[in-house]
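In what follows, chains are A, B, ... by sequence order, proteins preceding strands, each numbered from 1. Predicted model only: the values in this text are computed from it and were never measured.
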Amino acid sequence: MKRYYLIIMTLLLVGCSEIVNYQPSDKMPDIYPDYVGVTIPVGIAPLNFNMADDDVDRMTVTLSNSHGDSYSVNSTFAEFEVEKWHQIVAKTKGDTLWVEVGARKSGSWTKYRPFHICVSADTLADRGITYRRLAPTFNINSIYMGLYCRDLANFDEQTVIDNKLSDQMCINCHIQNQTSTKDMMVHIRGSLAGTYIKHNGVEELIDTRLDSLLSVCVYNAWHPSGKFIAFSVNGTRQSFHVGGKKRIEVYDKGSDMVVYDVENHVIIRQPVLMTGMCETYPSFSPDGKWLYYCSSLRPENDECEEFKYDINRIAFDIEKGCVYGDIETVVEASKDGRNASFPRISPDGKYMMYSISDYGTFPIHHPEADLRMLNMATMAVDSMTIVNSDDAESYHNWSADSRWFVFCSRRDDGMHTRLYIGHVDSDGHCDKPFMLPQKNPKRYYMELFQSYNTPDFCDDMVAIDHRWLLGNLKKGARKIELK
Amino acid sequence: MDKKSLVARIMSNAVWLVGVLLFVSSVYFWMFRYPAHLAFGEQIQLFLLSIDYFLPFLSYPSGMAHYIGEFLTQFNYEIWWGAVIVSLLVVLVYVQSYAIISRETSRYGIVRVLAALVPSGFVWLFMLDRFSLLAMPVALVVALSFIQIYQLWLHRIGGRIMRHVVLVLMSVALYWLFGAATFIFGVFVALNEVFRLRDFVALTHIVAIVLMPLLAYVFVPFPLQRLYTSNCYYKMMDERPSLSYDAEDEEALLYSFLSHYKKWDAAIRKADKKMPDDLASRQIVLHALAEKNLLLDRLFEYPIIQRKDLISSQSGDMREPMSVSDLYFSLGMINTAELSAYNMQQLYFGQGVRAFQRLAECNIVKGDYRIARKYLNALKQTLFYKKWAEDMEKLIDNANGVEMHPYYGVMRNRLMKETFYFSDKELDNILAHSVNSSMDAHSYDYLVAYLILSNDLDKLAKLMEGNTNRMPKAVQEALVFHWMSKNPSFDGMPWNIDMQVMRGAVDFMRMMNEGGNMQTMRPAFGKTYWYYNTFASRKSK
């Protein structure tokens, strides 16, 4: 026992003596992910990080706050214990968490200038996020595609559904109803196909193939009442760039909008939104009185570069499940030769976040794609410079309390989309977003060859009973009538 | 020694003789008759030497067999190693089967040998399918080993109930680690105990076999059918192995192998004996000719060449389309090459070293080093691609290094700087832009060949304006044909055309006017552009 004690003490002394002999640096540490100056909510999983330099083999990290609390770790990367992390972050709520980093490279230690992490006074109301993960191409159903649910308080991830059920299964366009998991839907494509809908805990599988529509139902939005889902039907096409930075274009050779009546199991035509224009990407206002969507002229010869979407809205009759009245243009991006898509209204109704790009239907494939935030009261547009990057940003969604948003960005390596969470304060100012934390982020993201997309907050962890689903897919989904 | 005792001695040693013969014939078969199947299996998997890679294999039934199978398959990188490994498994199954049978009965010597050949023969047949995985033979060897252990020791475990409990637990562990092939252990134990000891409690082993996949169904999200058959034995989840020798498939995979390793002379030599029927293989032959600067001289030497044999995106009717990416890469169509590599991974349901190498190459040539680093990082964790990945890593963030590199420097020069949408109908424009941007002979040859095979002679003539150099045979034939269709004589023809070609063109026209048809013209003109234009290309339409 004495011998072990001596060994431990010797190791500790050796470790201490190394750290004492550090070289001070006036620079901030170059860490991965870049958590310098980000804003986080209380309750978020530990923001573990690595030094960007692969040659660093040891790190010491000390977290401290203005109340005198501190927590130190010494490891190959900054790996915090979940409980201790939560404790210090909770005590720093509405304040600044300081992070002091020492790194050992080639036997010598460097201590960097401390950086800060802002702990917001706004808590995150939702428990987790759901997202799809798949290979970063779209022309064949992806291998190992799945929908997953991540607990934001730790690193737990559970499978909602993945394509282990069938070789050619494609799972897409899932969504909760304003983060509530009581209502959710997922499309399943392939030899076994259908649209899974859960409403007030009751599950069903519907078949939306109807001859008179352009396609099966595609992009979607729950009506806040849960009684309706607005769908677009899209004649989706793909083109592939032979050279250049962009690789793929996804666009619609025509698209219309319909509304699915969840309780009466009928699809209701919306003639006003089934025109020669391309209407897509529905989204309801939080009060359910307006349906927002994107609209573009359908260019001659379907030239992808000519698709320039504006964001419109039209009144929605909650009793009949129909739109009515005049179409109002909310964001006229085409006037400036640009393209607006994915309108998402914050649940408090104050802001609308959307993607802006040069053209096309899928901004995520465009490096120039950025997020914008429209103040619904003043109609002022925030260019969100602290949120955007030189690579694509898209697929954004709001938390239930309208203070946080999750989005996809390709800034990590230019190809694989990763998830980021950003904060909007009560005055509508955005803070620097942070990458979805992982236990060993550098290793995790380096070894992940899939992209994230369509993230959405969720109030609870979700899973779909794959046996129930497979059984019903084999039996055949319920045929839906068109009204 | 008299004849009778000699025969008896031979019979007694037959098991070893058969074993040796089996091993030798198997090694010969896999090395010389079916090597491309071994290479294919290695190229479509990515086996990493890391604990993180290993642990997920323990989370589903047959995962350990899957892992060991992948571990062994990586050695197919050297074909002879792969041949020896498959052969050893085949022989092991035979030897173990013989030992098990012999322990049950010492009679029927030759019949025992023949019976022991049945499971090993099945393993051999099973591995003939390109998507069969070594996990199955590995699982079978393990199951047979446990049967042998049962015969030697386990059956003696005292206490009937205790013995059955131990054996059932063993069955469960075997099933989880090695999958459905280990059911034979439970079946053997049950039959042995029932018939030898009249112990009908042993039927619980059969019940266990039925229940184990049902139990696994609770824990893993696989369809029940796959838990009864172990999906890790076969790459394609919803299909079954063919269990038959497929020479055409081997040929397609062999051409793909030659393309991957840039063995262009071997591909041409093989095609000289017989031009393949498969579209991808035909494209590889023409690609090989282009790499050896022979494309335009020998374009019509092979029977019934079509434009799609040169380049096309139609991979649906290809037996082995991985080489499509090689072709696009060589032409500087990097995004298309990259996309093909992704498609191949999706088509074959898994990440593969060949696709990863291509994705790393594409992104190094494009200068997207952050992406390249990801793929190289994975390849550095493999046994056989570590060195390659480390060498490639030196090109990361090293524009000068790439430009000076003997191969990737050329590829970067060929890189298409402008963006175009890929389209079969626009390939001539795409190739023309490639030629204009890189001034590269390889792309130029493809453009010229494309115009010739498209019978787009106006464009060809325009491209050749002012060119007074001696041109390759196919170009001369096409230009002469073009000239003759618009002029009464060769007078004023602006190109340097061989006298022999002009004579040939005149002869061709004369014979056609005399009523020549596809059959009568073939002996003299079957390998000319004129024949292609008049008969072959029309036939294809």
Side-chain angles (χ1 to χ4, degrees), chain A residues 54 134-146 159 161-169 190-192 238-249 303-305 391 410-416 440 442-450 463-467 469-471 473-474, chain B residues 46 48 50 52-53 60 217-218 220-224 226 231 236-239 313 328 331-339 341-351 356 359 363 366 368-375 377-378 381 415-423 426 430 433-434 437:
Chain A
D54 289 338
L134 71 171
T137 56
F138 284 82
N139 58 330
I140 299 180
N141 292 341
S142 176
I143 47 168
Y144 310 132
M145 171 195 285
T159 303
I161 176 179
D162 65 18
N163 64 352
K164 288 194 188 83
L165 290 173
S166 174
D167 274 354
Q168 295 297 324
M169 180 182 276
S191 54
L192 300 173
Q238 294 176 320
S239 290
F240 302 96
H241 293 273
V242 174
K245 195 160 173 65
K246 290 175 189 165
R247 291 173 166 85
I248 183 173
E249 295 291 349
E303 290 286 339
C304 183
E305 289 81 357
D391 278 300
R410 292 197 164 171
R411 70 188 66 177
D412 189 37
D413 64 15
M415 174 103 168
H416 299 88
N440 184 345
K442 195 171 177 181
R443 187 167 183 178
Y444 179 87
Y445 287 117
M446 176 61 91
E447 294 180 358
L448 181 67
F449 293 93
Q450 292 178 308
I464 296 174
D465 182 344
H466 68 267
R467 283 177 207 88
L469 185 66
L470 186 62
L473 283 168
K474 282 182 177 169
Chain B
L46 179 77
L48 303 183
S50 75
D52 287 345
Y53 184 74
Y60 55 88
Y217 189 56
V218 176
V220 292
F222 295 128
L224 193 56
R226 268 188 245 157
N231 56 310
M236 308 304 272
M237 286 192 278
D238 291 342
E239 295 171 21
S313 65
Y328 292 136
L331 291 169
M333 296 157 71
I334 301 291
N335 282 357
T336 317
E338 187 182 48
L339 187 72
Y342 274 117
N343 288 350
M344 291 312 101
Q345 292 195 108
Q346 294 177 15
L347 198 62
Y348 298 140
F349 286 87
Q351 296 166 339
F356 267 44
L359 291 167
N363 286 291
K366 281 178 73 174
D368 284 341
Y369 300 119
R370 289 179 299 172
I371 307 170
R373 195 188 297 274
K374 282 177 76 77
Y375 294 103
N377 182 60
Q381 297 175 57
L415 179 66
M416 295 201 61
K417 282 99 187 169
E418 292 180 69
T419 182
F420 292 94
Y421 291 121
F422 185 87
S423 164
E426 298 282 335
I430 294 169
H433 273 279
S434 175
S437 65

- request: State which residues pass salt bridge (Lys or Arg N to Asp or Glu O under 4.0 Å) with A:Asp412; sequence neighbours excluded, sorted by chain then number.
  value: A:Arg418
- prompt: Which atoms form the tightest heavy-atom contact between A:Val242 and B:Met416, and what is the distance?
  reply: CG1-SD, 3.5 Å
query: What orientation do A:His466 and B:Tyr217 show, parallel under 30°, tilted 30 to 60°, or perpendicular over 60°?
result: perpendicular
message: side chain to side chain contact (heavy atoms under 4.5 Å, CB included), that's the test. Do A:Glu447 and B:Lys374 meet it? Break it down for me.
response: CA-CA 7 Å; A:Glu447 294 180 358; B:Lys374 282 177 76 77; over 6 Å; no
field: Options B:Asp368, B:Leu48, B:Ile430, B:Asp52, ranked by heavy-atom pairs under 4.5 Å with chain A, top entry
entry: B:Asp52
query: Can you tell me if A:Arg467 uses its side chain to pair, donor with acceptor, with the backbone of B:Pro223 under 3.5 Å?
result: no
query: So, B:Asn335 side chain and A:Phe240 main chain: donor-acceptor pair closer than 3.5 Å or not?
result: no
statement: Honestly, the part of B:Tyr53 sitting under 4.5 Å from a heavy atom of chain A is neither
field: Partner set under salt bridge (Lys or Arg N to Asp or Glu O under 4.0 Å) for B:Arg373, not counting sequence neighbours
entry: B:Asp397
- prompt: chain A heavy atoms under 4.5 Å from B:Tyr375: which part of the residue, side chain, backbone, both or neither?
  reply: both
message: Please report the interatomic distance CZ(B:Phe222) to CG(A:Leu470), rounded to the nearest 0.5 Å.
response: 13.0 Å
- prompt: In terms of heavy-atom pairs under 4.5 Å, which option from B:Ile371, B:Ile334, B:Thr336 contacts chain A the most?
  reply: B:Ile371
- prompt: So, A:Arg247 side chain and B:Glu338 main chain: donor-acceptor pair closer than 3.5 Å or not?
  reply: no
- prompt: Between B:Phe422 and A:His241, is the gap from one ring center to the other below 6.0 Å?
  reply: no
